[in-house]
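Some notes on the structure that comes next.
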Amino acid sequence: MFVDLEQCSSEVDVTVVGAGPVGLVLAAELALSGAKVQVLERRAEPDEAMKAQSINMPTAEALDRRGLLPAAEAVQREVLERMGSFARRPGDPRFTGHFAGMSLDADLVDWSDPDLAAHTAAGGARMVPQRELEALLAEQVARLGVPVRRGVEVTALENTGDGVLVGTATGHPVRTGWLVGCDGGHSAVRRLAGIDFPGTDPELTGHLAVVDIVDPEKLGDGWTWSASGTYRYGPQPGRVITVEFDGGPADRSAPVTIEDLQARLRRVSGTDVTLTALRATPTRWTDNTRQAATYRSGRVLLAGDAAHVHPPFGGQGLNLGVGDAMNLGWKLGAVVAGWAPEGLLDTYDAERRPLGAWVLDWTRAQIGVLRGDSKSGALRHIVADLLSTRDGTTYAVKKLSGVTQRIDLPGDHPLVGRFVPDLWLTDGSRLADHGHGGGFLLLDRTPDGAFARFAAAWSERVNTVTDHPATPAGVLVRPDGVVAWAAETADTTGLEAALQQWIGPWNIVSTPGV
(Lines give C-alpha, C1' and ligand atoms only; values in the text may rest on other atoms or scores of the structure.)
Protein backbone atom coordinates (compact mmCIF):
# COMPACT_ATOMS: atom_id res chain seq x y z
CA MET A 1 0.00 0.00 0.00
CA PHE A 2 1.09 3.62 -0.45
CA VAL A 3 2.79 5.32 2.46
CA ASP A 4 2.18 8.74 3.94
CA LEU A 5 5.41 10.65 3.39
CA GLU A 6 5.01 12.11 6.84
CA GLN A 7 6.05 8.63 8.04
CA CYS A 8 9.37 8.85 6.21
CA SER A 9 12.30 9.84 8.35
CA SER A 10 13.43 13.31 7.32
CA GLU A 11 16.90 12.82 8.82
CA VAL A 12 18.62 9.51 8.09
CA ASP A 13 22.22 8.55 7.39
CA VAL A 14 21.46 6.80 4.09
CA THR A 15 18.40 6.59 1.88
CA VAL A 16 18.36 3.70 -0.57
CA VAL A 17 16.06 4.13 -3.57
CA GLY A 18 14.79 0.78 -4.83
CA ALA A 19 13.57 -2.24 -2.88
CA GLY A 20 14.79 -4.92 -5.26
CA PRO A 21 17.50 -7.40 -4.23
CA VAL A 22 20.32 -4.87 -4.69
CA GLY A 23 18.66 -2.20 -2.57
CA LEU A 24 17.74 -4.71 0.13
CA VAL A 25 21.26 -6.16 0.32
CA LEU A 26 22.71 -2.68 0.58
CA ALA A 27 20.22 -1.66 3.27
CA ALA A 28 21.03 -4.76 5.30
CA GLU A 29 24.79 -4.18 5.05
CA LEU A 30 24.38 -0.56 6.13
CA ALA A 31 22.20 -1.58 9.06
CA LEU A 32 24.81 -4.12 10.19
CA SER A 33 27.37 -1.30 10.19
CA GLY A 34 25.17 0.76 12.53
CA ALA A 35 23.90 3.28 9.98
CA LYS A 36 20.36 4.67 10.18
CA VAL A 37 18.93 3.69 6.79
CA GLN A 38 15.60 3.68 5.00
CA VAL A 39 14.47 2.31 1.63
CA LEU A 40 12.16 4.19 -0.74
CA GLU A 41 10.36 2.23 -3.46
CA ARG A 42 8.02 3.72 -6.06
CA ARG A 43 6.05 0.48 -6.46
CA ALA A 44 3.24 -0.10 -3.99
CA GLU A 45 3.88 -3.85 -4.01
CA PRO A 46 6.89 -6.11 -4.76
CA ASP A 47 7.58 -6.68 -8.46
CA GLU A 48 6.11 -10.05 -9.51
CA ALA A 49 7.63 -10.08 -12.99
CA MET A 50 9.82 -13.05 -13.87
CA LYS A 51 13.50 -12.19 -13.88
CA ALA A 52 16.75 -14.00 -13.03
CA GLN A 53 16.24 -17.66 -12.17
CA SER A 54 19.53 -18.32 -10.38
CA ILE A 55 22.42 -16.71 -8.56
CA ASN A 56 26.17 -17.18 -8.93
CA MET A 57 28.63 -18.38 -6.30
CA PRO A 58 29.68 -14.95 -4.95
CA THR A 59 26.00 -14.12 -4.35
CA ALA A 60 25.33 -17.47 -2.70
CA GLU A 61 28.43 -16.98 -0.54
CA ALA A 62 27.28 -13.47 0.40
CA LEU A 63 24.05 -15.02 1.72
CA ASP A 64 26.13 -17.66 3.51
CA ARG A 65 28.29 -15.05 5.25
CA ARG A 66 25.17 -13.40 6.66
CA GLY A 67 23.57 -16.62 7.92
CA LEU A 68 21.02 -16.92 5.10
CA LEU A 69 22.38 -20.09 3.51
CA PRO A 70 19.80 -22.49 5.08
CA ALA A 71 16.92 -20.33 3.82
CA ALA A 72 18.45 -20.12 0.33
CA GLU A 73 19.02 -23.88 0.24
CA ALA A 74 15.36 -24.40 1.11
CA VAL A 75 14.39 -22.23 -1.87
CA GLN A 76 16.57 -24.33 -4.19
CA ARG A 77 14.91 -27.53 -3.00
CA GLU A 78 11.50 -26.04 -3.74
CA VAL A 79 12.65 -24.91 -7.21
CA LEU A 80 13.94 -28.38 -8.05
CA GLU A 81 10.64 -29.91 -6.96
CA ARG A 82 8.76 -27.51 -9.27
CA MET A 83 11.05 -28.40 -12.17
CA GLY A 84 10.31 -32.10 -11.67
CA SER A 85 11.06 -34.17 -14.74
CA PHE A 86 12.31 -31.07 -16.57
CA ALA A 87 15.38 -31.01 -14.34
CA ARG A 88 18.35 -32.72 -15.97
CA ARG A 89 19.17 -34.39 -12.69
CA PRO A 90 16.82 -33.33 -9.90
CA GLY A 91 18.91 -32.50 -6.85
CA ASP A 92 22.21 -32.46 -8.77
CA PRO A 93 24.21 -29.65 -7.13
CA ARG A 94 26.46 -29.18 -10.17
CA PHE A 95 24.99 -25.99 -11.60
CA THR A 96 26.26 -25.00 -15.05
CA GLY A 97 24.03 -22.68 -17.11
CA HIS A 98 24.46 -21.69 -20.75
CA PHE A 99 26.38 -19.40 -23.07
CA ALA A 100 24.25 -17.79 -25.80
CA GLY A 101 21.72 -20.59 -25.45
CA MET A 102 24.33 -23.35 -25.69
CA SER A 103 23.86 -25.45 -22.56
CA LEU A 104 26.98 -26.34 -20.62
CA ASP A 105 27.21 -30.07 -19.92
CA ALA A 106 27.99 -30.74 -16.26
CA ASP A 107 29.67 -34.02 -17.25
CA LEU A 108 32.28 -32.11 -19.24
CA VAL A 109 33.26 -29.81 -16.38
CA ASP A 110 36.47 -30.48 -14.48
CA TRP A 111 34.98 -30.13 -11.01
CA SER A 112 38.42 -30.78 -9.51
CA ASP A 113 39.64 -27.46 -10.97
CA PRO A 114 41.09 -25.53 -8.00
CA ASP A 115 38.82 -22.50 -8.53
CA LEU A 116 35.67 -24.62 -8.60
CA ALA A 117 36.76 -27.01 -5.84
CA ALA A 118 37.50 -24.08 -3.50
CA HIS A 119 33.88 -22.85 -3.64
CA THR A 120 31.38 -25.63 -3.01
CA ALA A 121 29.87 -25.05 0.44
CA ALA A 122 27.19 -22.68 -0.89
CA GLY A 123 26.52 -24.75 -4.02
CA GLY A 124 23.12 -25.83 -2.71
CA ALA A 125 21.85 -22.26 -2.95
CA ARG A 126 22.52 -21.45 -6.59
CA MET A 127 19.05 -22.03 -8.05
CA VAL A 128 17.36 -19.16 -6.21
CA PRO A 129 15.06 -17.10 -8.49
CA GLN A 130 15.04 -13.34 -8.09
CA ARG A 131 11.52 -13.14 -6.67
CA GLU A 132 12.29 -15.67 -3.94
CA LEU A 133 15.61 -13.98 -3.23
CA GLU A 134 13.86 -10.64 -2.83
CA ALA A 135 11.40 -12.14 -0.35
CA LEU A 136 14.24 -13.71 1.64
CA LEU A 137 16.12 -10.40 1.76
CA ALA A 138 12.98 -8.47 2.71
CA GLU A 139 12.67 -10.68 5.78
CA GLN A 140 16.28 -9.99 6.72
CA VAL A 141 15.84 -6.23 6.33
CA ALA A 142 12.72 -6.36 8.50
CA ARG A 143 14.63 -8.27 11.21
CA LEU A 144 17.27 -5.54 11.14
CA GLY A 145 14.62 -2.88 11.64
CA VAL A 146 15.07 -1.10 8.31
CA PRO A 147 11.88 0.64 7.13
CA VAL A 148 10.87 0.05 3.50
CA ARG A 149 8.60 2.88 2.32
CA ARG A 150 6.53 1.83 -0.69
CA GLY A 151 4.64 4.11 -3.04
CA VAL A 152 7.34 6.78 -2.79
CA GLU A 153 8.59 8.09 -6.14
CA VAL A 154 11.72 10.25 -6.21
CA THR A 155 11.24 13.29 -8.47
CA ALA A 156 14.10 15.64 -7.55
CA LEU A 157 17.34 15.74 -5.64
CA GLU A 158 19.90 18.30 -4.57
CA ASN A 159 23.44 17.58 -3.44
CA THR A 160 23.81 20.03 -0.54
CA GLY A 161 27.44 19.23 0.24
CA ASP A 162 26.74 17.71 3.63
CA GLY A 163 23.81 15.62 2.45
CA VAL A 164 21.07 15.23 -0.15
CA LEU A 165 17.63 16.83 -0.27
CA VAL A 166 15.25 14.41 -2.01
CA GLY A 167 12.01 15.57 -3.60
CA THR A 168 9.09 13.16 -3.96
CA ALA A 169 5.91 12.99 -6.01
CA THR A 170 3.85 14.15 -3.02
CA GLY A 171 6.03 17.20 -2.52
CA HIS A 172 7.22 16.07 0.91
CA PRO A 173 11.05 16.35 0.96
CA VAL A 174 13.39 13.85 2.57
CA ARG A 175 16.76 14.87 4.00
CA THR A 176 19.46 12.25 4.02
CA GLY A 177 23.18 12.16 4.54
CA TRP A 178 23.72 9.92 1.51
CA LEU A 179 21.50 8.75 -1.35
CA VAL A 180 22.05 5.49 -3.26
CA GLY A 181 20.15 4.74 -6.45
CA CYS A 182 19.31 1.04 -6.71
CA ASP A 183 16.29 1.86 -8.83
CA GLY A 184 16.99 -0.04 -12.03
CA GLY A 185 18.03 0.67 -15.58
CA HIS A 186 15.68 3.66 -15.88
CA SER A 187 17.06 5.05 -12.61
CA ALA A 188 15.50 8.34 -11.57
CA VAL A 189 18.40 8.90 -9.18
CA ARG A 190 20.97 8.57 -11.99
CA ARG A 191 19.01 10.89 -14.25
CA LEU A 192 18.38 13.51 -11.55
CA ALA A 193 22.04 13.41 -10.50
CA GLY A 194 23.04 14.21 -14.09
CA ILE A 195 25.19 11.10 -14.49
CA ASP A 196 25.74 10.08 -18.13
CA PHE A 197 24.84 6.54 -19.21
CA PRO A 198 26.80 5.77 -22.40
CA GLY A 199 26.51 2.48 -24.26
CA THR A 200 24.82 0.73 -27.17
CA ASP A 201 21.17 0.72 -28.23
CA PRO A 202 19.08 -2.48 -28.36
CA GLU A 203 18.68 -4.60 -31.46
CA LEU A 204 16.56 -7.43 -30.05
CA THR A 205 13.40 -8.04 -28.05
CA GLY A 206 13.26 -10.87 -25.55
CA HIS A 207 10.39 -12.25 -23.48
CA LEU A 208 10.30 -14.53 -20.46
CA ALA A 209 7.00 -16.05 -19.35
CA VAL A 210 5.28 -19.05 -17.80
CA VAL A 211 2.23 -20.06 -19.80
CA ASP A 212 -0.30 -22.81 -20.29
CA ILE A 213 0.46 -24.63 -23.58
CA VAL A 214 -2.05 -26.85 -25.33
CA ASP A 215 0.58 -28.71 -27.37
CA PRO A 216 4.02 -28.42 -25.71
CA GLU A 217 5.24 -31.46 -27.67
CA LYS A 218 5.61 -29.13 -30.68
CA LEU A 219 8.45 -27.30 -28.95
CA GLY A 220 12.02 -28.44 -28.66
CA ASP A 221 13.59 -29.01 -25.26
CA GLY A 222 16.09 -26.36 -24.24
CA TRP A 223 17.38 -23.64 -26.58
CA THR A 224 16.42 -23.87 -30.27
CA TRP A 225 17.45 -21.61 -33.18
CA SER A 226 15.59 -20.64 -36.32
CA ALA A 227 15.86 -18.02 -39.05
CA SER A 228 13.46 -15.82 -37.05
CA GLY A 229 15.30 -15.97 -33.74
CA THR A 230 15.72 -18.37 -30.86
CA TYR A 231 13.59 -19.72 -28.05
CA ARG A 232 13.84 -21.90 -24.99
CA TYR A 233 11.25 -24.21 -23.47
CA GLY A 234 11.87 -25.25 -19.84
CA PRO A 235 13.49 -26.06 -17.48
CA GLN A 236 10.07 -26.15 -15.78
CA PRO A 237 6.70 -26.80 -17.42
CA GLY A 238 5.32 -23.80 -19.29
CA ARG A 239 8.44 -21.63 -19.03
CA VAL A 240 9.34 -20.07 -22.39
CA ILE A 241 11.88 -17.51 -23.59
CA THR A 242 11.75 -15.89 -27.02
CA VAL A 243 14.42 -13.74 -28.70
CA GLU A 244 13.86 -11.81 -31.94
CA PHE A 245 16.31 -9.44 -33.61
CA ASP A 246 13.64 -6.87 -34.46
CA GLY A 247 15.45 -3.67 -33.49
CA GLY A 248 14.04 -3.57 -29.98
CA PRO A 249 10.49 -2.87 -28.79
CA ALA A 250 8.75 0.37 -29.69
CA ASP A 251 7.34 0.58 -26.16
CA ARG A 252 9.09 -1.60 -23.62
CA SER A 253 6.56 -0.67 -20.93
CA ALA A 254 3.51 -1.85 -22.92
CA PRO A 255 1.66 -4.80 -21.37
CA VAL A 256 2.72 -8.25 -22.62
CA THR A 257 -0.34 -10.16 -23.83
CA ILE A 258 -0.86 -13.87 -24.37
CA GLU A 259 -1.64 -13.15 -28.03
CA ASP A 260 1.68 -11.34 -28.56
CA LEU A 261 3.62 -14.12 -26.83
CA GLN A 262 1.91 -16.77 -28.93
CA ALA A 263 2.68 -14.90 -32.16
CA ARG A 264 6.33 -14.50 -31.19
CA LEU A 265 6.73 -18.12 -30.11
CA ARG A 266 5.14 -19.31 -33.34
CA ARG A 267 7.52 -17.15 -35.38
CA VAL A 268 10.71 -18.32 -33.69
CA SER A 269 9.64 -21.97 -33.38
CA GLY A 270 8.11 -22.33 -36.84
CA THR A 271 5.13 -24.17 -35.30
CA ASP A 272 1.48 -23.42 -34.66
CA VAL A 273 1.84 -23.95 -30.91
CA THR A 274 -1.12 -22.63 -28.91
CA LEU A 275 -0.92 -20.70 -25.62
CA THR A 276 -4.01 -20.29 -23.46
CA ALA A 277 -3.03 -18.44 -20.26
CA LEU A 278 -0.28 -16.56 -18.44
CA ARG A 279 0.78 -18.12 -15.14
CA ALA A 280 3.15 -15.35 -13.99
CA THR A 281 3.81 -11.74 -14.88
CA PRO A 282 5.93 -11.91 -18.05
CA THR A 283 9.08 -9.89 -18.60
CA ARG A 284 10.11 -8.01 -21.74
CA TRP A 285 13.82 -7.26 -22.11
CA THR A 286 16.39 -6.07 -24.65
CA ASP A 287 20.13 -6.00 -25.20
CA ASN A 288 20.42 -2.31 -24.26
CA THR A 289 23.97 -2.22 -22.86
CA ARG A 290 25.26 0.76 -20.86
CA GLN A 291 27.48 1.70 -17.93
CA ALA A 292 27.26 4.88 -15.85
CA ALA A 293 30.05 7.38 -16.43
CA THR A 294 30.63 7.40 -12.67
CA TYR A 295 29.19 5.43 -9.78
CA ARG A 296 29.36 8.48 -7.50
CA SER A 297 28.49 12.15 -7.74
CA GLY A 298 29.04 13.90 -4.44
CA ARG A 299 26.80 12.19 -1.90
CA VAL A 300 24.82 10.34 -4.54
CA LEU A 301 25.90 6.81 -5.52
CA LEU A 302 24.62 4.15 -7.90
CA ALA A 303 24.46 0.37 -7.64
CA GLY A 304 22.96 -2.48 -9.65
CA ASP A 305 21.11 -1.74 -12.88
CA ALA A 306 21.18 1.97 -12.07
CA ALA A 307 24.94 1.73 -12.73
CA HIS A 308 24.94 -0.77 -15.60
CA VAL A 309 22.47 -2.56 -17.89
CA HIS A 310 22.95 -5.41 -20.35
CA PRO A 311 21.11 -8.48 -21.67
CA PRO A 312 19.99 -10.76 -18.81
CA PHE A 313 21.74 -13.94 -19.99
CA GLY A 314 22.80 -16.03 -17.02
CA GLY A 315 21.26 -13.64 -14.49
CA GLN A 316 24.51 -11.66 -14.53
CA GLY A 317 22.78 -8.36 -13.74
CA LEU A 318 21.34 -9.58 -10.44
CA ASN A 319 24.69 -11.00 -9.34
CA LEU A 320 26.64 -7.96 -10.47
CA GLY A 321 24.27 -5.74 -8.51
CA VAL A 322 24.51 -7.80 -5.32
CA GLY A 323 28.29 -7.58 -5.62
CA ASP A 324 27.99 -3.79 -5.91
CA ALA A 325 25.87 -3.67 -2.77
CA MET A 326 28.24 -5.86 -0.76
CA ASN A 327 31.23 -3.76 -1.85
CA LEU A 328 29.57 -0.41 -1.18
CA GLY A 329 27.66 -1.36 1.97
CA TRP A 330 30.54 -1.73 4.40
CA LYS A 331 32.49 1.17 2.91
CA LEU A 332 29.61 3.64 3.12
CA GLY A 333 28.76 2.28 6.56
CA ALA A 334 32.35 2.96 7.69
CA VAL A 335 32.20 6.53 6.39
CA VAL A 336 28.84 7.14 8.09
CA ALA A 337 30.17 5.69 11.36
CA GLY A 338 33.11 8.08 11.15
CA TRP A 339 35.93 5.55 11.34
CA ALA A 340 36.84 5.86 7.64
CA PRO A 341 37.32 8.93 5.44
CA GLU A 342 35.18 9.65 2.40
CA GLY A 343 38.14 8.69 0.24
CA LEU A 344 37.35 5.06 0.97
CA LEU A 345 34.33 5.43 -1.32
CA ASP A 346 36.65 6.05 -4.28
CA THR A 347 37.57 2.37 -4.15
CA TYR A 348 33.94 1.42 -4.84
CA ASP A 349 33.98 2.72 -8.42
CA ALA A 350 37.58 1.62 -8.93
CA GLU A 351 36.86 -1.97 -7.87
CA ARG A 352 33.41 -2.54 -9.34
CA ARG A 353 33.69 -0.72 -12.68
CA PRO A 354 36.11 -3.21 -14.32
CA LEU A 355 33.88 -6.16 -13.38
CA GLY A 356 30.83 -4.33 -14.70
CA ALA A 357 32.61 -3.64 -17.99
CA TRP A 358 33.55 -7.33 -18.25
CA VAL A 359 29.94 -8.44 -17.75
CA LEU A 360 28.81 -6.01 -20.45
CA ASP A 361 31.30 -7.53 -22.88
CA TRP A 362 30.41 -11.10 -21.82
CA THR A 363 26.76 -10.47 -22.69
CA ARG A 364 27.59 -8.54 -25.87
CA ALA A 365 29.58 -11.55 -27.06
CA GLN A 366 26.52 -13.75 -26.59
CA ILE A 367 24.42 -11.40 -28.70
CA GLY A 368 26.99 -11.71 -31.47
CA VAL A 369 26.67 -15.50 -31.34
CA LEU A 370 22.85 -15.45 -31.14
CA ARG A 371 22.14 -13.47 -34.30
CA GLY A 372 20.46 -15.30 -37.13
CA ASP A 373 22.82 -14.23 -39.95
CA SER A 374 25.20 -16.70 -41.57
CA LYS A 375 28.33 -15.18 -40.03
CA SER A 376 26.94 -15.46 -36.51
CA GLY A 377 25.75 -18.97 -37.32
CA ALA A 378 29.27 -19.96 -38.35
CA LEU A 379 30.66 -18.41 -35.17
CA ARG A 380 28.05 -20.27 -33.12
CA HIS A 381 29.21 -23.61 -34.54
CA ILE A 382 32.82 -22.81 -33.61
CA VAL A 383 31.87 -21.75 -30.08
CA ALA A 384 29.73 -24.89 -29.77
CA ASP A 385 32.77 -26.99 -30.69
CA LEU A 386 34.80 -25.26 -27.98
CA LEU A 387 32.03 -25.79 -25.45
CA SER A 388 31.92 -29.49 -26.29
CA THR A 389 35.42 -29.87 -24.81
CA ARG A 390 36.39 -30.31 -21.17
CA ASP A 391 38.59 -27.22 -21.14
CA GLY A 392 36.06 -25.05 -22.94
CA THR A 393 33.13 -26.01 -20.74
CA THR A 394 35.18 -25.67 -17.56
CA TYR A 395 36.33 -22.20 -18.61
CA ALA A 396 32.76 -21.03 -19.31
CA VAL A 397 31.35 -22.51 -16.08
CA LYS A 398 34.09 -20.85 -14.04
CA LYS A 399 33.29 -17.49 -15.62
CA LEU A 400 29.52 -17.88 -15.17
CA SER A 401 29.81 -19.10 -11.60
CA GLY A 402 31.92 -16.10 -10.60
CA VAL A 403 34.63 -18.11 -8.85
CA THR A 404 37.40 -16.41 -10.85
CA GLN A 405 36.36 -12.85 -10.01
CA ARG A 406 39.23 -10.76 -8.70
CA ILE A 407 39.92 -7.14 -7.89
CA ASP A 408 43.36 -5.57 -8.05
CA LEU A 409 44.71 -5.31 -4.51
CA PRO A 410 48.31 -5.11 -3.27
CA GLY A 411 49.87 -8.40 -2.26
CA ASP A 412 51.50 -11.40 -3.88
CA HIS A 413 49.45 -14.19 -2.33
CA PRO A 414 47.12 -15.80 -4.92
CA LEU A 415 44.09 -15.37 -2.63
CA VAL A 416 44.45 -11.58 -2.37
CA GLY A 417 41.69 -9.81 -4.30
CA ARG A 418 39.67 -13.02 -4.65
CA PHE A 419 36.53 -14.02 -2.77
CA VAL A 420 37.53 -16.08 0.24
CA PRO A 421 37.27 -19.82 -0.49
CA ASP A 422 35.65 -22.44 1.74
CA LEU A 423 37.88 -22.53 4.82
CA TRP A 424 36.94 -25.31 7.21
CA LEU A 425 38.11 -25.06 10.81
CA THR A 426 39.03 -27.92 13.10
CA ASP A 427 35.92 -27.35 15.25
CA GLY A 428 33.74 -28.24 12.25
CA SER A 429 32.70 -24.66 11.44
CA ARG A 430 33.70 -22.62 8.43
CA LEU A 431 35.23 -19.15 8.44
CA ALA A 432 32.01 -17.88 6.81
CA ASP A 433 30.05 -18.95 9.90
CA HIS A 434 31.89 -16.29 11.91
CA GLY A 435 30.88 -13.39 9.64
CA HIS A 436 27.13 -13.22 10.17
CA GLY A 437 27.34 -9.83 11.86
CA GLY A 438 29.47 -8.17 9.21
CA GLY A 439 32.90 -6.70 9.90
CA PHE A 440 36.39 -7.94 9.07
CA LEU A 441 37.52 -11.50 9.73
CA LEU A 442 41.09 -12.50 10.55
CA LEU A 443 41.90 -16.19 10.48
CA ASP A 444 44.95 -17.00 12.60
CA ARG A 445 46.45 -20.48 12.23
CA THR A 446 49.86 -19.70 13.65
CA PRO A 447 51.09 -21.91 16.52
CA ASP A 448 51.42 -18.98 18.93
CA GLY A 449 48.62 -16.65 17.76
CA ALA A 450 51.06 -14.17 16.20
CA PHE A 451 48.51 -12.63 13.81
CA ALA A 452 45.90 -12.19 16.53
CA ARG A 453 48.36 -10.35 18.76
CA PHE A 454 49.55 -8.20 15.87
CA ALA A 455 45.98 -7.16 15.00
CA ALA A 456 44.89 -6.55 18.61
CA ALA A 457 44.90 -2.78 18.11
CA TRP A 458 42.26 -3.18 15.41
CA SER A 459 40.08 -5.53 17.47
CA GLU A 460 37.16 -3.09 17.46
CA ARG A 461 36.71 -3.74 13.75
CA VAL A 462 38.27 -7.18 13.32
CA ASN A 463 36.83 -10.48 14.51
CA THR A 464 39.78 -12.83 14.97
CA VAL A 465 39.21 -16.56 14.58
CA THR A 466 41.99 -18.85 15.75
CA ASP A 467 42.49 -22.40 14.54
CA HIS A 468 45.06 -25.18 14.65
CA PRO A 469 48.10 -24.71 12.39
CA ALA A 470 47.33 -25.24 8.71
CA THR A 471 47.64 -23.43 5.39
CA PRO A 472 46.94 -20.74 4.64
CA ALA A 473 48.32 -19.65 8.00
CA GLY A 474 46.54 -16.31 7.97
CA VAL A 475 43.75 -14.63 6.00
CA LEU A 476 42.24 -11.16 6.41
CA VAL A 477 38.77 -10.96 4.85
CA ARG A 478 36.88 -7.73 4.21
CA PRO A 479 33.15 -7.58 5.04
CA ASP A 480 32.33 -8.14 1.34
CA GLY A 481 34.19 -11.47 1.35
CA VAL A 482 37.25 -10.21 -0.53
CA VAL A 483 40.63 -11.37 0.78
CA ALA A 484 42.70 -8.30 1.69
CA TRP A 485 45.79 -10.21 2.88
CA ALA A 486 46.93 -13.81 3.22
CA ALA A 487 50.08 -15.66 4.26
CA GLU A 488 51.34 -19.22 4.17
CA THR A 489 53.64 -18.80 7.20
CA ALA A 490 53.66 -16.80 10.45
CA ASP A 491 55.27 -13.86 8.65
CA THR A 492 53.28 -10.69 9.43
CA THR A 493 54.72 -8.82 6.44
CA GLY A 494 51.90 -7.03 4.68
CA LEU A 495 49.32 -7.51 7.45
CA GLU A 496 49.82 -4.06 8.97
CA ALA A 497 49.63 -2.43 5.53
CA ALA A 498 46.35 -4.24 4.79
CA LEU A 499 44.88 -3.30 8.18
CA GLN A 500 45.85 0.35 7.75
CA GLN A 501 44.60 0.45 4.16
CA TRP A 502 41.12 -0.81 4.99
CA ILE A 503 40.62 0.03 8.66
CA GLY A 504 43.14 2.81 9.03
CA PRO A 505 45.62 4.13 11.56
CA TRP A 506 42.83 6.30 13.05
CA ASN A 507 41.50 3.20 14.82
CA ILE A 508 44.81 2.28 16.51
CA VAL A 509 44.93 2.91 20.25
CA SER A 510 48.30 1.29 20.85
CA THR A 511 51.27 0.13 18.84
CA PRO A 512 50.77 -3.45 17.67
CA GLY A 513 53.56 -5.87 18.27
CA VAL A 514 54.43 -9.53 18.22
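Just so you know, residue 1 is the first one in the sequence shown, and it goes up from there.
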Quiz item: Can you list the residues that meet the side chain to side chain contact (heavy atoms under 4.5 Å, CB included) rule with D13, with sequence neighbours excluded?
Solution: A35, K36, V336
Quiz prompt | Reported CG-to-OG distance for the pair D196 and S297, which is rounded to 0.5 angstrom | solution = 10.5 Å
Quiz item: Can you list the residues that meet the side chain to side chain contact (heavy atoms under 4.5 Å, CB included) rule with P421, with sequence neighbours excluded?
Solution: A118, H119, L415, L423
Quick one: side chains of residues 23-33, donor-acceptor pairs under 3.5 Å with protein atoms, not counting sequence neighbours, listed by atom name and distance.
residue : atom : partner : partner atom : Å
E29     : OE1  : R66     : NH2          : 2.9
E29     : OE2  : R66     : NE           : 2.9
S33     : OG   : L30     : O            : 2.6

Exercise. Test E342 against R296 for salt bridge (charged side-chain N to carboxylate O under 4.0 Å, His left out), laying out the working first.
Key: CA-CA 12 Å; E342 283 192 25; R296 179 189 175 195; 2.9 Å; yes
Quiz item: Can you tell me how far CG of L499 sits from CZ of R461, rounded to the nearest 0.5 angstrom?
Solution: 13.0 Å
Quiz item: Between N56 and T59, is any side-chain donor less than 3.5 angstrom from a side-chain acceptor?
Solution: yes
Quiz prompt | Approximate separation, where rounding is to 0.5 Å, of N159 CG and W178 CH2 | solution = 9.0 Å
In residues 305-317, what donor-acceptor pairs under 3.5 Å come from side-chain atoms, sequence neighbours left out?
residue : atom : partner : partner atom : Å
H308    : ND1  : G304    : O            : 3.2
H308    : NE2  : G304    : O            : 3.3
H308    : NE2  : D324    : OD2          : 2.7

Quiz prompt | Aromatic centroids of W485 and F451 separated by under 6.0 Å | solution = yes
Practice problem: Please identify each residue that fulfils ring pair (Phe, Tyr, Trp, His ring centres under 6.0 Å) with W358, with sequence neighbours left out. | Solution: W362
Quiz prompt | Donor on one side chain, acceptor on other, T389 and D391, under 3.5 Å | solution = no
Quiz item: side chain to side chain contact (heavy atoms under 4.5 Å, CB included) with D491: which residues, sequence neighbours excluded?
Solution: T489, T493
Quiz item: Listed by chain and number, what are the side-chain hydrogen bond (donor to acceptor under 3.5 Å, both in side chains) partners of R364, not counting sequence neighbours?
Solution: D361
Check residues 425-442 and write down every donor-acceptor pair under 3.5 Å in which the side-chain atom is one partner and the other belongs to a residue at least two apart or another chain.
residue : atom : partner : partner atom : Å
T426    : OG1  : D467    : OD1          : 2.6
D427    : OD1  : S429    : N            : 2.9
D427    : OD1  : S429    : OG           : 2.7
D427    : OD2  : S429    : OG           : 3.4
S429    : OG   : H434    : NE2          : 3.2
R430    : NH1  : D64     : OD2          : 2.7
R430    : NH2  : D64     : OD1          : 3.1
R430    : NH2  : D64     : OD2          : 3.1
D433    : OD2  : R430    : N            : 2.8

Exercise. Sequence neighbours left out, what passes side-chain hydrogen bond (donor to acceptor under 3.5 Å, both in side chains) with D287? Give chain and number order.
Key: none
Practice problem: Just jot down the side chain to side chain contact (heavy atoms under 4.5 Å, CB included) partners of E488, sequence neighbours excluded, or say none. | Solution: H413, T471, P472
Review item, side-chain donor-acceptor pairs of residues 130-139, under 3.5 Å, at least two apart:
residue : atom : partner : partner atom : Å
R131    : NH1  : E48     : O            : 3.0
E132    : OE2  : R82     : NH2          : 3.3

Quiz item: Under the side-chain hydrogen bond (donor to acceptor under 3.5 Å, both in side chains) test, which residues partner T347, sequence neighbours left out?
Solution: K331
Exercise. Tell me, with the steps shown, if R42 and D183 meet salt bridge (charged side-chain N to carboxylate O under 4.0 Å, His left out).
Key: CA-CA 9 Å; R42 67 178 179 82; D183 51 341; over 6 Å; no
Quiz item: Within 45° of the six-membered ring axis of F197 and under 6.0 Å from that ring's centre, is NZ or CZ of R190 located there?
Solution: yes
